[in-house]
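Owing to the predicted nature of the structure, the values given are computational and were not obtained by experimental measurement.
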Amino acid sequence: MSWNIPILLTWSRILMIPLFTALFYLPAAWRGDMQFVNWSAAFIFVLAAVTDWFDGFLARRWQQTSDFGAFLDPVADKLMVAVALILLVKLERTWAIYAMIIIGREITISALREWMAQLGKRSSVAVATIGKFKTAAQMAAITLLLLESWPARGWNFIWLGNALMLIAAVLTLWSMFYYLKMAMKEFR
């Protein structure tokens with residue numbers, strides 16, 4: 001494994017997960033206002049999302065792509081999204097069904113990609129445009145649900161966040177069926 005800036009950025013996303021999680025479990029006396037926790041968690045989540053885009057951009061631009069980076073990058077993404085979804089369900093800001101759909105799809109497609117790679121047909125389940133829309137909807141929904149509200153403006157982001165989460169869940173299922181359909185062509 002070679003160490004370069006894109007790999008370090010990917011590792012930084014993984015290291016953000018315990019910090020992100022700890023925010024919600026700090027004693028009330030340490031963390032202060034819950035609004036601070038919400039905004040801090042949303043900041044970390046958005047930073048991880050930006051870092052995800054940036055590490056891929058740099059790896060391609062600097063020609064520092066690697067098999068290890070191609071493996072670690074989606075793992076970091078899926079871990080952060082899964083942890084955020086579980087916390088949001090625990091905080092009762094979204095429904096468990098959304099988390100089950102999204103996490104279940106990620107496990108299914110990861111397993112499918114692994115299987116297709118063993119068959120030498122990984123390109124048949126390469127990232128598609130629908131997957132990018134799904135990711136954008138998930139990131140926006142999770143960010144809004146982490147923020148929860150902006151009391152100074154009287155805004156409550158829960159309704160909008162869950163509307164986006166519904167869209168993300170639909171796109172998640174759609175992309176899963178798309179990838180399964182692409183893989184089925186290889187089975188024939």
Evaluation steps, side chain to side chain contact (heavy atoms under 4.5 Å, CB included), between W11 and L72: CA-CA 8 Å; W11 275 112; L72 190 62; 3.5 Å; yes
Do the non-hydrogen side-chain atoms of [X] and [Y] ever get within less than 4.5 Å of each other?
| X | Y | answer |
| --- | --- | --- |
| Y179 | R113 | yes |
| F24 | N38 | yes |
| M176 | I109 | yes |
| L145 | L91 | no |

If you draw a 6.0 Å radius around CG in L15, do more than 12 non-hydrogen atoms from other residues or ligands fall strictly inside? yes
Gap between atom [atom2] of [Y] and atom [atom1] of [X] - 0.5 Å precision:
| X | Y | atom1 | atom2 | value |
| --- | --- | --- | --- | --- |
| L171 | I101 | CG | CD1 | 11.5 Å |
| I142 | I102 | CD1 | CD1 | 6.0 Å |
| M184 | F177 | CE | CZ | 12.5 Å |

What pairs meet the salt bridge (charged side-chain N to carboxylate O under 4.0 Å, His left out) rule with one or both residues in [range], with sequence neighbours excluded?
| range | value |
| --- | --- |
| residues 43-57 | R13-D52, R13-D55 |
| residues 155-180 | none |
| residues 157-179 | none |

Joint hydrophobic cluster, [X] plus [Y], side-chain heavy atoms closer than 4.5 Å:
| X | Y | answer |
| --- | --- | --- |
| L9 | F20 | no |
| F54 | L8 | no |
| I103 | V89 | no |
| W3 | W62 | no |
| I5 | I14 | no |

Quick one: ring pair (Phe, Tyr, Trp, His ring centres under 6.0 Å) partners of F57, sequence neighbours excluded? W53
What pairs with W95 under ring pair (Phe, Tyr, Trp, His ring centres under 6.0 Å), at least two apart in sequence or on another chain? Y98
Under the 4.5 Å side-chain heavy-atom rule for ILVMFWY, direct or indirect, which residues accompany V50? V46
Under 3.5 Å donor-acceptor, R60 side chain and G56 backbone: yes
Has the side chain of N4 got a donor or acceptor atom that lies under 3.5 Å from a matching backbone atom of I7? yes
Between L147 and F45, does a side chain to side chain contact (heavy atoms under 4.5 Å, CB included) hold up when you go through it step by step? CA-CA 10 Å; L147 289 171; F45 187 81; over 6 Å; no
Taking only residues two or more places apart in sequence or in another chain, which ones pass side-chain contact (heavy atoms from CB on, under 4.5 Å) with [X]?
| X | answer |
| --- | --- |
| L19 | I44 |
| A59 | P6, T65 |
| F43 | L47 |
| T21 | I17, Y25, V83, L87 |

Listed partners of K78 passing salt bridge (charged side-chain N to carboxylate O under 4.0 Å, His left out), at least two apart: E106
Pairing residues for E148 by the salt bridge (charged side-chain N to carboxylate O under 4.0 Å, His left out) criterion, not counting sequence neighbours: R93
Among M100, Q138, K90, M165, find the residue that satisfies the side chain to side chain contact (heavy atoms under 4.5 Å, CB included) test when tested with L85. M165
